Amino acid sequence: MSIPQVQSLVSSPVGLLSLKASEHGLTHLQVYDLAQLNPIVEIESSVSLLSATNEASLQAQQHIKNTVVQLAEYFAGTRQTFDIPLAPKGTEFQQQVWRALSELPFGQQCSYSDIANVIGRPKAVRAVGAANGANPIAIIVPCHRVIGKGGKLTGYAYGLDMKQWLLNLETTQ
């Protein structure tokens, strides 16, 4: 039996956000560049969810609604931490990296080697980079806060411009 998931598309200052959740929590937050979307896609400013048919779907819908509210607060500069249940799928190593990223304080930046040290795997710097790149929950699991050891911006799934924008948002508050 598959776990019911709900999905919503929400516009944001960084692009169109695709949110997915199960009854256990948010499973995905992906960002789409509005300029690259097919113009047929209707951008929704409010949550639109599949109709709930059971308790699991209702719980997933609530996770999406809470995520939308907390993201709006984050972008408005009134929220620095998220308290949304997260349910990303990944290996145990990826989960360790994502948990370490989630504990990184608002506005603070670190390197891949810092994360490798936090999880007790100091030689796994490249693997940490790969897990960071596989993060399915952008912004909330703040992989944008990971920069090069010398302070230089490094790769980001949604581009360095968005990474810089998020870092600027966090450092101006």
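When reading the values below, keep in mind they use all heavy atoms of this one structure, side chains included, and skip hydrogens, waters and symmetry mates. The model shown is predicted, which means the values in this text are computed figures rather than measured ones.
Between Asn66 and Gln70, the side chains place no donor N or O within less than 3.5 Å of an acceptor N or O (distance only, hydrogens not considered). At a cut-off of 3.5 Å, with distance as the only test, no side-chain donor of Gln7 or His28 sits close to an acceptor on the other residue. Residues Lys149 and Ser113 have side chains that bring a donor and an acceptor to within less than 3.5 angstrom of each other.
Ion pair Glu92/Arg99 flagged as a salt bridge, since at least one NZ, NE, NH1 or NH2 atom sits closer than 4.0 Å to an Asp/Glu carboxylate oxygen.
When all heavy atoms are compared, the tightest approach of Gly107 to Thr171 is O-CG2, 4.3 Å. Smallest separation of non-hydrogen atoms from Pro85 and His63: CG-CE1, 3.5 Å. The two atoms that bring Val141 and Asn135 nearest to each other are O-ND2, 2.8 Å, heavy atoms only. Residues Asn117 and Pro122 approach most closely at OD1-CB, 3.1 Å, considering heavy atoms. Closest approach of Gln96 to Ile119, counting heavy atoms only: O-CG2, 3.7 Å. The shortest heavy-atom contact between Ser111 and Gly148 is CB-C, 4.4 Å.
Looking only at side-chain heavy atoms (C-beta outward), Val10 and Leu71 stay at 4.5 Å or farther from each other. Under the 4.5 Å side-chain criterion, counting only non-hydrogen atoms from C-beta, Cys110 is in contact with Leu104. Side-chain contact between Lys163 and Tyr158 is absent, with no heavy atoms from C-beta onward closer than 4.5 Å. Contact annotation: the side chain of Trp98 never approaches that of Cys143 to less than 4.5 Å [non-hydrogen atoms, C-beta and beyond]. Counting only heavy atoms from C-beta outward, the side chains of Ser102 and Phe82 never approach each other to under 4.5 Å.
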* Please step through side chain to side chain contact (heavy atoms under 4.5 Å, CB included) for the pair Glu55 and Leu58, ending with a clear verdict. => CA-CA 5 Å; Glu55 187 61 35; Leu58 288 172; 4.1 Å; yes

* Decide side chain to side chain contact (heavy atoms under 4.5 Å, CB included) for Val14 and Tyr32; before the verdict, give the C-alpha distance in whole Å, the side-chain angles of both, and the deciding distance to 0.1 Å. => CA-CA 8 Å; Val14 295; Tyr32 296 99; over 6 Å; no

* For Trp165 and Leu160, run side chain to side chain contact (heavy atoms under 4.5 Å, CB included): C-alpha distance rounded to whole Å, both residues' side-chain angles, the deciding distance at 0.1 Å, then the answer. => CA-CA 8 Å; Trp165 191 92; Leu160 293 182; over 6 Å; no

* **Worked verdict on Ile147 versus Lys152 for side chain to side chain contact (heavy atoms under 4.5 Å, CB included)** => CA-CA 6 Å; Ile147 59 174; Lys152 183 178 177 193; over 6 Å; no

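In this structure, Tyr74 and Phe106 have perpendicular ring planes: the angle between them is above 60°, well past the 30° mark. Aromatic ring pairs are classed by plane angle as parallel below 30°, tilted from 30° to 60° and perpendicular above 60°; the pair His144 and Tyr156 is perpendicular.
Atom CG of Leu167 and atom CG of Leu153 lie 6.0 Å apart (nearest 0.5 Å). Put simply, OG1 on Thr78 and CD on Glu73 are 5.0 Å apart, with the number rounded to the nearest 0.5 Å. With rounding to the nearest 0.5 Å, the separation of CD in Glu23 from CD in Gln61 is 13.0 Å. One distance of note links OG of Ser12 with CG of Leu17; it measures 3.5 Å at 0.5 Å rounding. Of the inter-residue distances, the one linking Ile84 atom CD1 with Ile64 atom CD1 reads 9.5 Å to the nearest 0.5 angstrom. Taking CG from Asp114 and CZ from Arg145, the interatomic distance works out to 14.0 Å, rounded to the nearest 0.5 Å.
A side-chain contact (heavy atoms from CB on, under 4.5 Å) with Pro88 is found for exactly one of Ile140, Thr27, Ile137, Leu26, namely Ile137.
Hydrophobic clustering (ILVMFWY, side-chain heavy atoms < 4.5 Å, transitive): Val118 and Val125 are in distinct clusters.
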